[in-house]
Amino acid sequence: MPRKVRDLIRDLERAGFADRGGKGSHRNLKHPSGIKITISGNLGQDAKRYQERDVEKAMKEVQNEIQ
(Lines give C-alpha, C1' and ligand atoms only; values in the text may rest on other atoms or scores of the structure.)
Protein backbone atom coordinates (compact mmCIF):
# COMPACT_ATOMS: atom_id res chain seq x y z
CA MET A 1 0.00 0.00 0.00
CA PRO A 2 1.49 3.37 -0.99
CA ARG A 3 2.19 6.00 1.61
CA LYS A 4 0.21 9.23 1.73
CA VAL A 5 1.58 12.61 0.65
CA ARG A 6 1.19 13.84 4.26
CA ASP A 7 3.56 11.07 5.41
CA LEU A 8 6.25 12.17 2.96
CA ILE A 9 5.95 15.79 4.09
CA ARG A 10 6.06 14.78 7.76
CA ASP A 11 9.25 12.76 7.18
CA LEU A 12 10.88 15.72 5.44
CA GLU A 13 9.90 18.13 8.21
CA ARG A 14 11.33 15.77 10.83
CA ALA A 15 14.59 15.77 8.86
CA GLY A 16 14.76 19.56 9.09
CA PHE A 17 13.05 20.68 5.89
CA ALA A 18 10.90 23.82 6.14
CA ASP A 19 7.80 24.46 4.04
CA ARG A 20 8.34 27.48 1.78
CA GLY A 21 4.74 27.43 0.50
CA GLY A 22 3.56 26.70 -2.99
CA LYS A 23 0.68 27.09 -5.41
CA GLY A 24 -2.32 24.81 -5.34
CA SER A 25 -1.41 21.30 -4.27
CA HIS A 26 2.35 21.87 -4.57
CA ARG A 27 4.57 22.24 -1.52
CA ASN A 28 8.14 23.47 -1.75
CA LEU A 29 10.40 22.38 1.07
CA LYS A 30 13.96 23.49 1.73
CA HIS A 31 16.60 22.21 4.10
CA PRO A 32 19.03 24.66 5.77
CA SER A 33 21.85 22.98 3.82
CA GLY A 34 20.26 24.22 0.57
CA ILE A 35 18.57 21.01 -0.61
CA LYS A 36 15.15 21.69 -2.15
CA ILE A 37 12.28 19.37 -3.02
CA THR A 38 8.76 19.90 -4.37
CA ILE A 39 5.93 17.54 -3.45
CA SER A 40 2.64 17.70 -5.33
CA GLY A 41 -0.75 16.29 -4.41
CA ASN A 42 -3.32 16.76 -1.70
CA LEU A 43 -2.36 15.51 1.75
CA GLY A 44 -4.72 12.53 1.67
CA GLN A 45 -3.68 11.26 -1.76
CA ASP A 46 -1.49 8.23 -2.27
CA ALA A 47 2.08 9.21 -3.05
CA LYS A 48 3.47 8.22 -6.42
CA ARG A 49 6.51 5.97 -6.52
CA TYR A 50 8.67 8.74 -7.99
CA GLN A 51 7.71 11.01 -5.07
CA GLU A 52 8.76 8.38 -2.54
CA ARG A 53 12.03 7.91 -4.44
CA ASP A 54 12.68 11.69 -4.52
CA VAL A 55 12.08 11.95 -0.77
CA GLU A 56 14.48 9.06 -0.10
CA LYS A 57 17.09 10.76 -2.30
CA ALA A 58 16.68 14.10 -0.50
CA MET A 59 17.00 12.41 2.90
CA LYS A 60 20.22 10.69 1.80
CA GLU A 61 21.61 14.01 0.54
CA VAL A 62 20.89 15.56 3.94
CA GLN A 63 22.68 12.67 5.68
CA ASN A 64 25.70 13.12 3.41
CA GLU A 65 25.77 16.87 4.15
CA ILE A 66 25.73 16.20 7.89
CA GLN A 67 28.61 13.71 7.79
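Because the structure is a prediction, the values reported are computed rather than measured. Both backbone and side-chain heavy atoms feed into the values below; hydrogens, waters and symmetry mates do not.
For the atom pair CD of E52 and CG of D11, the computed distance is 10.0 Å after rounding to the nearest 0.5 Å. Of the inter-residue distances, the one linking D19 atom CG with L29 atom CG reads 5.0 Å to the nearest 0.5 angstrom. For the atom pair CD1 of I39 and OG of S25, the computed distance is 11.0 Å after rounding to the nearest 0.5 Å. Of the inter-residue distances, the one linking Q63 atom CD with E61 atom CD reads 11.5 Å to the nearest 0.5 angstrom. Note that NZ of K57 is 9.0 Å distant from CZ of R53, once rounded to the nearest 0.5 Å. For the atom pair CE of M59 and CD of E56, the computed distance is 9.0 Å after rounding to the nearest 0.5 Å.
For E13, the salt bridge (Lys or Arg N to Asp or Glu O under 4.0 Å) test picks out no residue, with sequence neighbours left out. D7 pairs by the salt bridge (Lys or Arg N to Asp or Glu O under 4.0 Å) definition with R10, not counting sequence neighbours. Evaluation of the side chain to side chain donor-acceptor pair (under 3.5 Å) rule for R20 yields no partner, not counting sequence neighbours. Considering only residues two or more places apart in sequence or on other chains, K4 meets the side chain to side chain donor-acceptor pair (under 3.5 Å) condition with D46.
The two residues I37 and A58 come nearest to each other via the heavy atoms CD1-CB, 4.1 Å. For the pair A15 and V62, the tightest heavy-atom approach, listed with the atom from each and the gap, is O-CG1, 4.3 Å. Here the shortest heavy-atom pairing between P32 and G16 reads CD-O, 3.4 Å.
R14 contributes no side-chain N or O that, together with a main-chain N or O of I9, makes up a donor-acceptor pair within less than 3.5 Å.
Listed by first then second residue, pairs satisfying side-chain hydrogen bond (donor to acceptor under 3.5 Å, both in side chains) with a partner in residues 35-45 read N28-T38, S40-Q51, not counting sequence neighbours. For residues 7-28, every residue pair satisfying the ring pair (Phe, Tyr, Trp, His ring centres under 6.0 Å) rule, not counting sequence neighbours, is listed here: F17-H31.
Side-chain contact between I35 and K30 is absent, with no heavy-atom pair separated by less than 4.5 Å.
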